[in-house]
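Notes follow once the structure below has been shown.
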Number of protein chains: 2
Amino acid sequence: MTTHNINPDAALASRLRASGITPTQRRLHIGQFLFSKLRHLSADQVFDQVNRNSERVSQATVYNTLSLFVEKGLLHQIVVDPSKVFYDTNPSKHHHFYYVDTGILEDIPTNQIEINNLPELPSDTLFGGVNIIIQLRKA
Amino acid sequence: MTTHNINPDAALASRLRASGITPTQRRLHIGQFLFSKLRHLSADQVFDQVNRNSERVSQATVYNTLSLFVEKGLLHQIVVDPSKVFYDTNPSKHHHFYYVDTGILEDIPTNQIEINNLPELPSDTLFGGVNIIIQLRKA
DNA sequence: GTCAGTGCAAACCCTTTGCAGAAAG
DNA sequence: CTTTCTGCAAAGGGTTTGCACTGAC
């Protein structure tokens, strides 16, 4: 069967193409790493991990690729504070716990949280999303 | 009456002392400007405004003072994204609208918004606050 | 007089950019 | 072959820091 393909790169390549991204070697390599599980990583962490093995990817390419993936909707960028920016591979709508002491960001399962009495939006405006980050500290 | 004082600096000085801040000239000057009304300003905007008249305050002092005021609870720091950090003089608990197109941050009145089904916090953690920023775009 | 606060300029961190060489199609 | 991508290193923006001077008390 021609549509069956056991090469994970091929699957990812299709996914990238479907999002309008040319599947280059570097992007496939970064993508394989990112999308192998749900993650919350900084650009720096991605850079380190992606250069663990023989493969070599520059900082510029890591930044460019992450921005591109965000722009095309494959990743979400989560800003905790100016020096804490994470890239989240969980594609579903959800919010986050941020552990202040450890600097770890964690998903809050989608539908647990619920916002009521959302104020009326000012006229001539459209809802563009909500970011909710719940900060947690050691007990 | 000895406790009556029409000098606004004196009132602010007491306020700063009450928060454990030595009321220096620079801090009073920055404080007078900030606390004269509800504001959402970047460090840069504070620097500009505070240097409008004869008074001269360095960048370092503006940054130090803003951090000190945040640490002592007189201001809140609102992070929209890494290059959009605001200092909010509204002391009450509230959330924000962020106008993506204009870069303006605006308060959502305190009690309008309501979060339900807050998930149980992981064990050994304390609630450390929630940040909610609702992004708005032009209709 | 002592300790904290301030200004200046340099240092910093993270991210972006310019440009020449490499890869995609 | 043409266009897009990539690496390198330099530049950029916003914030912090080191140090000598000034001000608070």
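Chain letters run A, B, ... following the sequence lines, proteins first, then strands; residues in each count from 1. Because only heavy atoms are used, hydrogens play no part in the values below, and waters and symmetry mates are left out as well, while side chains stay in.
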Rounded to the nearest angstrom, tell me the gap between atom [atom1] in [X] and atom [atom2] in [N].
{"X": "B:D81", "N": "D:dT15", "atom1": "CG", "atom2": "P", "value": "11 Å"}
{"X": "B:N64", "N": "D:dG14", "atom1": "CG", "atom2": "C1'", "value": "14 Å"}
{"X": "B:F47", "N": "D:dT16", "atom1": "CZ", "atom2": "C1'", "value": "15 Å"}
{"X": "B:R27", "N": "D:dG23", "atom1": "CZ", "atom2": "C1'", "value": "12 Å"}
{"X": "B:Y63", "N": "D:dG13", "atom1": "OH", "atom2": "P", "value": "13 Å"}
{"X": "B:L41", "N": "D:dT15", "atom1": "CG", "atom2": "P", "value": "13 Å"}
{"X": "B:L68", "N": "D:dT15", "atom1": "CG", "atom2": "P", "value": "17 Å"}

Positional range of nucleotides in DNA chain C within the contact set of chain B, heavy-atom, under 4.0 Å: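 Answer, 5' to 3': C:dG5 to C:dC8.
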Passing option when A:H95 is tested against A:I78, A:I134, A:I133, A:I132 for side chain to side chain contact (heavy atoms under 4.5 Å, CB included): A:I132
Within the 6.0 Å centroid threshold, strictly below: A:F69 and A:F35: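 So the answer is yes for these two rings.
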Enclosure of A:D124 CG (heavy-atom neighbours >12, cutoff 6.0 Å):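 Atom CG in A:D124 is not crowded, with 12 or fewer foreign heavy atoms closer than 6.0 Å.
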Which residues share a salt bridge (charged side-chain N to carboxylate O under 4.0 Å, His left out) with A:E55, sequence neighbours left out: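 Scan of A:E55 (salt bridge (charged side-chain N to carboxylate O under 4.0 Å, His left out), adjacent residues dropped) gives A:R26.
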Within residues 16-25 of chain B: residues closer than 4.0 Å to DNA chain C (heavy atoms): B:T22, B:T24
5′-ward residue of the pair B:S83/A:T61 relative to DNA chain D: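 Per heavy-atom nearest nucleotide, the more 5' residue is A:T61.
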Sub-4.5 Å side-chain heavy-atom contact between B:H94 and B:I108: no
Residue pair B:D88 / B:H96, side-chain donor-acceptor N/O under 3.5 Å: yes
Of B:P82 and B:Q59, the one whose closest DNA chain C nucleotide lies more 5':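 Nearer the 5' end of the strand: B:Q59.
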Test: B:R39 cationic atom under 6.0 Å from B:F33 six-membered ring centre, within 45° of axis: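 Yes.
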Residue-phosphate contact under 4.0 Å: A:R26 side-chain N/O, D:dG7 OP1/OP2: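 So the side-chain polar atoms of A:R26 do come within 4.0 Å of the phosphate oxygens OP1 or OP2 of D:dG7, strictly under.
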side-chain N/O A:R56 vs D:dG7 OP1/OP2, d < 4.0 Å: no
Single-linkage hydrophobic cluster, 4.5 Å side-chain cutoff, B:L105 and A:V130 together: no
Donor-acceptor contact below 3.5 Å, side chain B:N90 vs main chain B:L38: no
